[in-house]
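Encoded as structure tokens, the structure appears first; notes follow it.
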Amino acid sequence: MIRKFEMKDMEQVMQIWLAANLDVHDFVPKEYWIAQYPFVQEQLLQAKIYVYEQEQTIRGFVGMMGDYLAGVFVEQSCRSSGIGKSLLDCVKKHHAAFSLNVYEKNQRAVKFYLREGLSIAAKGMDEDTGEADFTMIWEKK
């Protein structure tokens, strides 16, 4: 079930956020993600977050800052089970268009977003990590 984020979800959401970043962005030093933890926790309070809950446990979440998709994060054991697609579909229902940034080296995510109808609008560089990234966009047809 997808529902809006509640404060009681913070710990589970942050655990998923950190574990997912450490796992899928292994080309970025883990110290970077650990250092970002307090900032991200603060930003969650300003974002529109939807969580995917299964058996009273959060398995994934998606965060929006206006029309910017800050990320889709799914617990490692639940990836490739449709949770990410469900969360992205939820965003598509509430937004006519949105953009996101994804690391070029995160090919699994790039392929997922392309498969889900997003397109690459630009190639850039994440100044914080020095890693190449793509700006991807989606617009309702």
Side-chain angles (χ1 to χ4, degrees), residues 1-54 56-141:
M1 164 185 88
I2 295 177
R3 63 170 176 77
K4 287 184 178 179
F5 171 86
E6 299 171 11
M7 281 303 295
K8 68 179 176 74
D9 303 327
M10 183 66 80
E11 186 177 333
Q12 285 184 74
V13 163
M14 288 304 298
Q15 287 175 358
I16 291 169
W17 175 85
L18 183 59
N21 277 303
L22 292 173
D23 181 40
V24 302
H25 301 131
D26 59 353
F27 47 87
V28 175
K30 71 178 183 177
E31 294 78 16
Y32 172 78
W33 300 113
I34 293 167
Q36 293 301 308
Y37 191 100
F39 173 74
V40 170
Q41 193 168 18
E42 187 178 301
Q43 291 296 299
L44 282 178
L45 300 176
Q46 299 168 32
K48 185 172 236 175
I49 308 290
Y50 292 96
V51 298
Y52 187 101
E53 189 176 49
Q54 190 175 56
Q56 299 172 341
T57 302
I58 295 171
R59 303 296 184 191
F61 72 97
V62 61
M64 293 295 295
M65 299 286 284
D67 287 329
Y68 180 77
L69 178 73
V72 176
F73 299 90
V74 177
E75 191 178 88
Q76 184 178 18
S77 65
C78 297
R79 291 189 197 136
S80 298
S81 68
I83 293 173
K85 179 179 177 14
S86 294
L87 288 164
L88 193 60
D89 287 347
C90 176
V91 170
K92 289 176 178 179
K93 272 192 257 181
H94 294 95
H95 294 266
F98 62 85
S99 66
L100 63 88
N101 286 78
V102 61
Y103 289 115
E104 182 178 5
K105 288 181 181 175
N106 188 355
Q107 280 297 300
R108 183 175 178 173
V110 172
K111 289 175 185 173
F112 166 74
Y113 291 126
L114 289 171
R115 186 178 70 236
E116 294 305 317
L118 283 82
S119 59
I120 297 172
K123 183 174 178 177
M125 182 73 63
D126 179 351
E127 292 182 17
D128 290 342
T129 63
E131 290 289 336
D133 66 4
F134 295 125
T135 299
M136 299 185 79
I137 57 171
W138 179 83
E139 292 179 312
K140 197 170 279 193
K141 303 265 190 244

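Smallest separation of non-hydrogen atoms from Lys93 and Lys140: O-NZ, 3.9 Å. The two residues Gln12 and Ile58 make their nearest non-hydrogen contact at OE1-N, 2.8 Å. Of all heavy-atom pairs spanning Leu100 and Leu69, the tightest one is CD2-CD2, 3.3 Å. When all heavy atoms are compared, the tightest approach of Trp138 to His95 is CZ3-O, 3.2 Å. Closest heavy-atom contact between Cys78 and Arg59: SG-CD, 3.6 Å.
Taking the six-membered ring for Trp and the full ring otherwise, Tyr113 and Phe134 have centroids separated by 6.0 Å or more.
No option in Leu118, Asp133, Val102 other than Val102 meets the side chain to side chain contact (heavy atoms under 4.5 Å, CB included) test with Val110.
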Evaluate side chain to side chain contact (heavy atoms under 4.5 Å, CB included) for Ile2 paired with Ser86, printing each intermediate quantity in order. CA-CA 8 Å; Ile2 295 177; Ser86 294; 3.9 Å; yes
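Between the side chains of Ser80 and Arg108, a donor-acceptor pair is found at a separation under 3.5 Å.
Legend: side chain to side chain donor-acceptor pair (under 3.5 Å) pairs involving residues 22-47, not counting sequence neighbours, sorted by first then second residue: Asn21-His25, Asp23-Arg79, His25-Asn106.
Taken from CG in Leu18 to CZ in Phe73, the straight-line distance is 10.5 Å, to the nearest 0.5 Å.
Applying the side-chain hydrogen bond (donor to acceptor under 3.5 Å, both in side chains) test to Glu104 and every residue at least two apart in sequence or in another chain returns Lys123.
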